[in-house]
Amino acid sequence: MLQALRDGGKRALASALAALERDPENATTQALLDAAWRQPCAHVVGVTGPPGVGKSSLCAALVSAWRKDGKSVGIIAVDPSSKVSGGALLGDRMRIVHDSADDGVFVRSMAARDRLGGLAGQTVAAMVVMRALFDRVLIETVGVGQSETDVAGVADTVVFCVQPGSGDSLQFMKAGIVEIPHLIVVTKADLGSAAERARADVAGALSLAVAGAGDDWPLKALAVSSRSGAGMDGLVEALEAHRRHLAVEGRLAIARHRQSEGWIAESLRERFGSEGIARLGRLGFDLALAPGGQPFEQLRVLGKALGEVR
């Protein structure tokens, strides 16, 4: 199935992702997810931060840098939702400037709808499919506040963006957001002294932070200008450094396993509520995922158990 998507190009992938959003429980979709889960290729980078901070411009600059290095890139842009149709308002997708004729870049917009965590309901599934097809997967969240940390459950590396002169550096110090990033990027570095003050404020706050669920990665604060390109080489190298860090001592496998267990619990809670989680315990089911286990298969087993006893 994955080879058919590779051979079919953008049109085939767009159709598969549309089917995933339309009917995620479909047997064909589930088979695709199982196949994709077994063949991860990409380093997954999540870019998050407040509205207007420049996430889309930063993503466009990252795409350009990766393409120059010969890397294929899949992008998931989580957009605000239309009040009328519920679909994605394509503002973020339109701001991620790229060559639409380039077969090495694919952009998918997904509507956040009523979710408050910065992601859309099927972001995880779409990421798993794209992770099997591209060298890099980039996830841009809808603009988030202080507690929307869902991106940490999807991305291998989380980049939190801070805007000079906006007070974002102070918001960064608050619990919730402070716990999820691996890199902090002060955007619009071409603003000069304001950007440097923001970078210094964030650097001063790093002693409060614990990166990436408590591993030993040293959090870094970088100043970057998407417009001038200043600092972009440093950001790309920092992302590569974190990718290499994850490749040592099984860190990536451990992190993705934790994410999978989180996806399972959250999906069951959304579908069956906290009472459903408690009922699984009474039925003798364990939410823990066996080493190397596939979360989509586990979800089917647990969901079926709860569906049968309802």
Side-chain angles (χ1 to χ4, degrees), residues 1-6 8 12-13 15-46 74 76 106 108 110 115 117 119-139 150-158 212-213 215 243 246-247 249-272 276-277 279-281 283-309:
M1 297 179 72
L2 288 172
Q3 190 58 49
L5 289 183
R6 296 185 185 104
L13 179 54
S15 296
L17 294 178
L20 187 156
E21 290 193 79
R22 186 170 56 250
D23 186 8
E25 304 301 323
N26 179 276
T28 301
T29 295
Q30 289 294 308
L32 173 61
L33 291 173
D34 287 342
W37 179 261
R38 290 191 293 267
Q39 300 181 47
C41 296
H43 178 207
V44 183
V45 177
I76 300 173
F106 177 86
R108 180 72 181 182
M110 304 187 79
R115 292 178 63 95
L119 301 180
Q122 294 300 324
T123 300
V124 169
M127 178 277 291
V128 168
V129 173
M130 293 170 71
R131 188 174 67 183
L133 300 172
F134 295 95
D135 298 316
R136 299 289 182 269
V137 171
L138 188 59
I139 301 173
D150 283 2
V151 69
V154 181
D156 303 323
T157 303
V158 177
D215 68 23
R243 186 185 64 81
L246 290 172
E249 298 177 356
R251 293 187 181 108
L252 181 59
I254 292 169
R256 287 181 174 176
H257 188 84
R258 289 173 179 165
Q259 288 177 336
S260 297
E261 291 188 324
W263 302 338
I264 291 169
E266 182 61 26
S267 297
L268 290 170
R269 190 173 292 109
E270 285 186 359
R271 186 174 173 185
F272 299 101
I277 302 293
R279 195 184 315 139
L280 280 172
L283 291 169
F285 287 93
D286 190 347
L287 290 183
L289 185 65
Q294 295 186 45
F296 301 105
E297 181 179 356
Q298 180 86 328
L299 278 173
R300 289 195 295 271
V301 171
L302 297 178
K304 182 178 179 181
L306 286 173
E308 288 178 346
V309 300

Subject >> Derivation and outcome, side-chain contact (heavy atoms from CB on, under 4.5 Å), residues Leu302 and Glu297 >> reply: CA-CA 9 Å; Leu302 297 178; Glu297 181 179 356; over 6 Å; no
So, the side chain of [X] versus the backbone of [Y]: is there a donor-acceptor pair under 3.5 Å, distance only?
| X | Y | result |
| --- | --- | --- |
| Ser267 | Trp263 | yes |
| Gln298 | Ala288 | yes |
| His43 | Val137 | no |

Below 4.0 angstrom, N of the basic side chain to O of the carboxylate: do [X] and [Y] qualify?
| X | Y | answer |
| --- | --- | --- |
| Arg258 | Glu261 | no |
| Arg271 | Glu266 | no |
| Asp156 | Arg131 | no |

Exercise: identify the closest heavy-atom pair between [X] and [Y]:
| X | Y | answer |
| --- | --- | --- |
| Leu17 | Met130 | CD1-SD, 4.1 Å |
| Ala16 | Leu32 | CB-CD2, 4.2 Å |
| Ala4 | Ala12 | O-CB, 4.4 Å |
| Ala265 | Leu287 | CB-CD1, 4.3 Å |
| Ala155 | Gly46 | CB-N, 3.4 Å |
| Ala132 | Arg6 | O-NH2, 3.3 Å |

**OP:** Verify side-chain contact (heavy atoms from CB on, under 4.5 Å) between Leu133 and Leu13, making sure each step is shown before the conclusion.
**Re:** CA-CA 9 Å; Leu133 300 172; Leu13 179 54; 3.8 Å; yes
At what distance, to the nearest 0.5 angstrom, does [atom1] of [X] lie from [atom2] of [Y]?
| X | Y | atom1 | atom2 | answer |
| --- | --- | --- | --- | --- |
| Arg300 | Gln30 | CZ | CD | 4.5 Å |
| Thr123 | Asp150 | OG1 | CG | 8.5 Å |
| Met1 | Leu5 | CE | CG | 7.5 Å |
| Ile277 | Arg269 | CD1 | CZ | 5.0 Å |
| His257 | Leu289 | NE2 | CG | 4.5 Å |

Taking C-beta and beyond as the side chain, do [X] and [Y] meet within less than 4.5 Å on heavy atoms?
| X | Y | answer |
| --- | --- | --- |
| Leu33 | Leu20 | yes |
| Asp286 | Leu280 | no |
| Arg256 | Arg251 | no |
| Arg243 | Thr157 | no |
| Gln294 | Leu299 | no |
| Gln259 | Pro295 | no |

**OP:** Measure the acute angle between the ring planes of Phe296 and Trp37, then classify it against the limits of 30° and 60° as parallel, tilted or perpendicular.
**Re:** perpendicular
Original post:
Under the side-chain contact (heavy atoms from CB on, under 4.5 Å) criterion, do Phe134 and Val129 qualify, and how do the steps go?
Top reply: CA-CA 9 Å; Phe134 295 95; Val129 173; over 6 Å; no
**OP:** List the steps and the verdict of side-chain contact (heavy atoms from CB on, under 4.5 Å) for Ile139 and Val45.
**Re:** CA-CA 6 Å; Ile139 301 173; Val45 177; over 6 Å; no
